[in-house]
Colleague: 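The structure's right below; bear with me while I get my questions together.
All heavy atoms count here, side chains included; hydrogens, waters and symmetry mates do not. All chains are named by letter (A, B, ...) in the order of the sequence lines, taking the proteins before the strands, and each is independently numbered beginning at 1.
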Amino acid sequence: MVSEITENNFLNNLNESQQEATLYNEGASLIIAGAGSGKTRVLTYKIAYLLTTGIQPYRILALTFTNKAANEMKERIAQIVGKKITWMGTFHSVFSKILRQHAELIGFTPQFTIYDSSDSKSLVKNIIKTMNLDEKIYKPGNILSKISMLKNHLISPTAYEADYQNQQNDYLKKIPEFYNIYKQYVERCKHSNVMDFDDLLFNTNLLFSSFPDVLQQYQELFSFILIDEYQDTNYSQHLIVKALAAKHQKVCAVGDDAQSIYSFRGANIDNILTFQRDFPNCKLFKLEQNYRSTKNIVDAANSLIEKNNHQIRKTIFSENKRGNLIELINSYSDFDEAASISSKIRQILRLNDYNYSDFAVLYRTNSQSRVLEDAFRKNNIPYKIYGGISFYQRKEIKDILAYCRLTINKNDEEALRRIINYPARGIGDTTQIKLFNAAHSYGTSVFEVAETPTIFNVKINSGTQKKLLDFTKKIEEYTLFYQANDAYASVEKIIKESGIITDILTDDTPENISKKENIDEFLNMVYEFCDRKANEGESNISLTDFLAEVALFTDQDNENEEEQNKVTLMTVHAAKGLEFKNVFIAGLEEQLFPSALCQTPSELEEERRLLYVAITRAEDNCILSYAKSRFRNGQTQFSNPSRFIKDIDSQFLHQQQEYTTFYGRETTNTFKEYRSHTSKIISIHSPQKNIETTNSTPISTNNDEIQVGSKVIHALFGKGIVVDLEGHGDERKAKVEFQTRGTKQLLLKYAKLTITE
DNA sequence: TGACCGCGTCTTTTT
DNA sequence: GACGCGGTCA
């Protein structure tokens with residue numbers, strides 16, 4: 001009865017193609033949903049509709065890209081049909097829950113803890129160090145991303161070793177020891193009863209393939225599966241979906257190939273195409289009407305994305321009003337850019353009925369936020385900032401979490417390493433090395449060795465032994481405590497008794513005060529977590545429950561209430577799925593957007609998609625901006641406008657008159673500095689709409705032109721003469737004798753030398 | 001053992 | 001500019 005009424009009501013809110021996509025539930029379907037085409041709405045209504053057909057809420061599996069998206073969708077579904085679906089969240093959070101249920105089958109305990117990226121990196125570093133390898137050759141970051149890629153393709157160390165080609169390649173790349181690092185990494189994670197982010201997916205696949213009865217249990221449980229943002233899933237995730245839906249084929253993937261921006265994390269745009277192959281009777285729906293943006297914004301975005309070769313062709317259109325042209329601001333410096341954006345925000349606010357929260361400034365890299373923040377503070381523009389150092393990455397929070405982790409999982413090596421001597425308790429490097437060595441040779445945990453060092457033939461003096469015992473006893477005490485108390489009480493006890501709070505309160509430097517505030521905030525979050533769980537009907541919310549989720553939290557997940565009416569600052573990646581009335585995209589320059597690290601055609605296409613995502617966040621106004629010079633990596637660098645600007649059809653663009661943005665003293669300095677450096681460039685730029693990026697003279701000299709004897713200018717060291725050259729490609733170094741700063745070795749990749757004659 | 005300093009390195013995006 | 005590392009000194 002109730003369901004019929006609601007069903008009729010909510011389906012009226014959908015257009016024809018949205019309705020078709022919502023109502024088709026006989027088999028597999030793929031919904032290609034253009035930006036702003038009401039994708040979330042379709043997904044929400046589809047789930048709501050399924051619930052009205054009698055499917056139980058716990059039998060729907062809905063996978064989203066962020067926890068936040070999941071929570072919002074859950075709430076909306078509850079509003080529409082009054083039912084709460086249980087299995088909804090990110091791949092990582094849903095499958096970590098499932099893994100806990102069956103952890104023992106694959107050699108873990110249900111209390112396994114989760115390594116975040118910095119824990120993983122620290123472990124890799126440690127392995128490299130203990131293997132006596134050179135960190136310059138075996139760069140932990142590179143090694144880790146290679147490991148991550150392998151795991152995302154389900155290539156275990158054993159499988160890696162089995163393929164002779166791999167060793168051959170590593171040998172050629174001069175990292176022959178890679179396999180051993182990978183092997184050790186996996187072994188040590190397992191010994192530590194720990195999974196990293198990729199393991200959550202890898203081990204789910206392992207669980208399903210090794211235990212068909214477990215797989216079958218979930219195949220039967222989930223009678224319908226929906227996945228959002230399919231273009232950003234990786235192979236490992238794709239296989240999980242394939243396995244779970246293999247029997248009933250009731251699966252619906254929603255995505256937009258044009259918005260695929262996570263290939264660096266292993267996401268594969270082709271999963272969308274593979275999806276159709278894996279589910280042969282898959283029905284394809286396209287949502288092409290954009291409800292979000294003005295015609296100009298949609299047309300401009302279309303004209304940009306057309307320049308990509310690799311894409312599913314579709315026609316996104318808008319029936320909204322034409323709207324304003326995309327505006328293009330150019331500035332002399334990043335500093336000016338920030339000032340221009342501030343004054344532009346003020347201007348739009350004056351002329352229209354907007355709030356601060358209707359504005360967002362998007363950028364390619366987090367480091368760009370700094371100048372913007374300064375300008376906003378100066379201009380009294382309230383702002384909130386996402387990204388950068390995550391709350392959970394702050395030292396004081398990680399320290400507390402490490403105590404918590406060790407409390408429930410004594411094998412968690414990175415947690416132990418972090419706190420065994422923090423706060424300082426006289427267990428120094430020498431002792432620690434002895435403990436770790438013994439643990440590895442006896443194949444036991446470091447914690448166990450620390451408890452009873454003599455059993456493992458570790459020779460330490462009685463003083464140190466006493467200190468170790470104090471430490472392990474303390475942790476054991478927390479363990480007993482958490483088993484009988486709730487998460488809040490446990491965390492509170494740990495904060496108070498571990499000595500962390502005492503250490504921070506010893507003196508009241510501003511850093512310590514802020515640390516104290518963060519700790520209070522953290523405790524508050526634990527409280528809210530318990531509160532929320534209690535409201536959801538769970539009792540005995542323990543530290544394990546909290547830890548199981550906290551590792552997968554991100555900053556976006558805990559929006560503050562006070563953050564209401566503020567301008568949003570974030571990276572384009574973080575803006576995925578969001579929309580704002582007015583969007584600024586800052587730093588549209590070569591070397592920055594597209595990033596200097598993206599060189600191959602496919603990488604450049606991803607950068608272009610990234611800009612497409614950025615532009616399509618805008619509802620009413622979209623303003624692009626670039627600066628001629630930018631303070632980066634400790635020095636002023638010059639660059640040309642982004643090639644992507646000329647990818648946008650000029651009929652949708654309005655370029656502000658050149659060089660109108662002068663703000664304050666700093667600008668004048670920058671301007672002078674700029675002129676003195678590049679007196680040529682000023683005349684190159686014609687004040688026309690179309691910007692010629694291809695013909696403008698590059699500001700820094702092509703490195704190949706530099707020879708021994710070349711007279712050069714360096715932005716910081718001034719004039720000099722090249723006296724020696726060595727290396728090739730990115731490694732190419734020049735020895736330069738500067739007139740006033742002596743002789744320096746410079747990596748040409750970074751030095752940006754200019755030949756003067 | 002810990003605090004501090006100076007040097008060199010490296011700079012993308014994040015579940 | 002920020003960070004990590006290694007060396008030095010108390």
Side-chain angles (χ1 to χ4, degrees), chain A residues 63-70 89-96 114-118 120-122 125 129 135-136 139-142 144-145 148 151-152 195-201 229 232-234 236-237 260-267 362-368 370-371 386-390 392-393 395 421-432 463-464 467 549 551-557 570-576 587 591-599 603 606-607 609-611 613-614 630-637 716 730 744-747 749-751:
Chain A
L63 298 165
T64 56
F65 195 70
T66 61
N67 294 308
K68 193 181 166 207
T90 61
F91 271 89
H92 292 88
S93 69
V94 165
F95 293 107
S96 72
I114 297 173
Y115 275 179
D116 68 17
S117 326
S118 63
S120 301
K121 197 167 182 176
S122 152
K125 268 190 187 172
K129 212 175 250 171
E135 271 200 38
K136 304 242 163 57
K139 291 180 183 162
N142 294 349
L144 193 58
S145 66
S148 170
K151 284 187 183 171
N152 287 330
M195 296 192 197
D196 67 14
F197 287 137
D198 303 314
D199 288 335
L200 295 174
L201 307 172
E229 308 281 11
D232 286 322
T233 55
N234 60 37
S236 183
Q237 291 168 318
S260 161
I261 55 174
Y262 278 93
S263 71
F264 70 90
R265 210 167 77 189
L362 310 181
Y363 35 78
R364 180 68 240 272
T365 63
N366 279 306
S367 58
Q368 286 168 260
R370 214 190 162 110
V371 252
Y386 291 93
I389 311 145
S390 152
Y392 303 97
Q393 292 297 320
K395 184 186 178 300
N421 201 27
Y422 177 78
R425 52 174 68 88
I427 305 173
D429 284 350
T430 338
T431 310
Q432 286 184 40
T464 313
K467 289 169 189 161
E549 293 199 23
L552 304 169
F553 282 165
T554 58
D555 277 358
Q556 262 95 327
D557 296 329
M570 55 166 64
T571 63
V572 183
H573 284 90
K576 186 169 108 141
Q591 314 296 318
L592 181 60
F593 201 167
S595 158
L597 298 166
C598 297
Q599 299 292 338
E603 283 170 337
E606 175 145 327
E607 293 285 298
R609 290 194 294 271
L610 195 54
L611 181 58
V613 168
R630 185 171 293 278
F631 198 68
R632 282 224 278 167
N633 316 328
Q635 63 181 69
T636 307
Q637 295 185 352
L716 223 56
D730 282 356
K744 310 228 178 236
Q745 276 255 342
L746 302 162
L747 256 183
K749 184 182 164 195
Y750 293 114

Colleague: Given that A:Phe65 and A:Arg364 both sit by DNA chain B, which one's nearest nucleotide is further toward the 5' end?
Modeller: A:Arg364
Colleague: How would you list, by chain and number, every residue that makes a side-chain contact (heavy atoms from CB on, under 4.5 Å) with A:Arg425, sequence neighbours excluded?
Modeller: A:Tyr403, A:Asn421, A:Pro423, A:Ile427, A:Phe471
Colleague: Applying side-chain contact (heavy atoms from CB on, under 4.5 Å), name anything that partners A:Ser145, two or more places apart in sequence or on another chain.
Modeller: none
Colleague: When you get a sec, tell me which of B:dT12, B:dT14, B:dT11 is the closest nucleotide to the side chain of A:Thr365?
Modeller: B:dT12
Colleague: What are the bounds, 5' to 3', of the part of DNA chain C that sits under 4.0 Å from heavy atoms of chain A?
Modeller: C:dG1 to C:dC5
Colleague: In whole angstrom, give the distance that lies between atom CG of A:Leu362 and atom P of B:dT14.
Modeller: 12 Å
Colleague: Name the nucleic acid region contacted by A:Phe91, choosing base, sugar-phosphate or nothing; use a 4.0 angstrom heavy-atom cut-off, strictly under.
Modeller: nothing
Colleague: For a quick check of understanding: with a heavy-atom distance under 4.0 Å over all strands, which category does A:Lys125 fall into, base, sugar-phosphate or nothing?
Modeller: sugar-phosphate
Colleague: Which nucleotide, B:dT15, B:dC10, B:dT13, lies nearest any side-chain atom of A:Lys139?
Modeller: B:dC10
Colleague: For the side chain of A:Cys598, counting heavy atoms from C-beta on, which of B:dT14, B:dT11, B:dT12 is nearest?
Modeller: B:dT12
Colleague: Under 3.5 Å, side chain of A:Asp232 to main-chain N/O of A:Ile261, donor-acceptor pair present?
Modeller: yes
Colleague: Give the rounded distance in Å between these two atoms: CG of A:Leu592 and P of B:dT13.
Modeller: 10 Å
Colleague: Between the protein and nucleotides 1-8 of chain B, list the N/O to N/O atom pairs that are separated by less than 3.5 angstrom.
Modeller:
{"unit_1": "B:dT1", "atom_1": "OP1", "unit_2": "A:Gly428", "atom_2": "N", "d": "3.3"}
{"unit_1": "B:dT1", "atom_1": "OP2", "unit_2": "A:Thr430", "atom_2": "OG1", "d": "3.1"}
{"unit_1": "B:dG2", "atom_1": "OP1", "unit_2": "A:Asn421", "atom_2": "ND2", "d": "3.3"}
{"unit_1": "B:dG2", "atom_1": "OP2", "unit_2": "A:Asn421", "atom_2": "ND2", "d": "3.4"}

Colleague: For the backbone of A:His92 and the side chain of A:Ser96, can you confirm whether one donor and one acceptor N or O come within less than 3.5 Å of each other?
Modeller: yes
Colleague: A:Gln591 and side-chain contact (heavy atoms from CB on, under 4.5 Å): which single residue from A:Arg630, A:Arg632, A:Gln637 fits?
Modeller: A:Arg632
Colleague: Can you name the residues that form a side chain to side chain donor-acceptor pair (under 3.5 Å) with A:Ser595, not counting sequence neighbours?
Modeller: none
Colleague: Ignoring backbone atoms, test whether A:Asn366 places a side-chain nitrogen or oxygen under 4.0 Å from the OP1 or OP2 oxygen of B:dT13.
Modeller: yes
Colleague: For B:dT13, is there a stacking contact with A:Phe264, counting only centres under 5.5 Å and planes under 30°?
Modeller: yes
Colleague: How far does CD of A:Gln432 sit from OG1 of A:Thr464, to the nearest 0.5 angstrom?
Modeller: 11.5 Å
Colleague: Kindly write out the residues that satisfy side chain to side chain donor-acceptor pair (under 3.5 Å) with A:Arg609, not counting sequence neighbours, or none if the list is empty.
Modeller: A:Glu606
Colleague: Do the side-chain N or O atoms of A:Thr571 get closer than 4.0 angstrom to the phosphate oxygens (OP1, OP2) of B:dT14?
Modeller: yes
Colleague: Looking across every strand, which nucleic acid part, if any, lies under 4.0 Å from A:Arg370 by heavy atom: base, sugar-phosphate, or nothing?
Modeller: sugar-phosphate
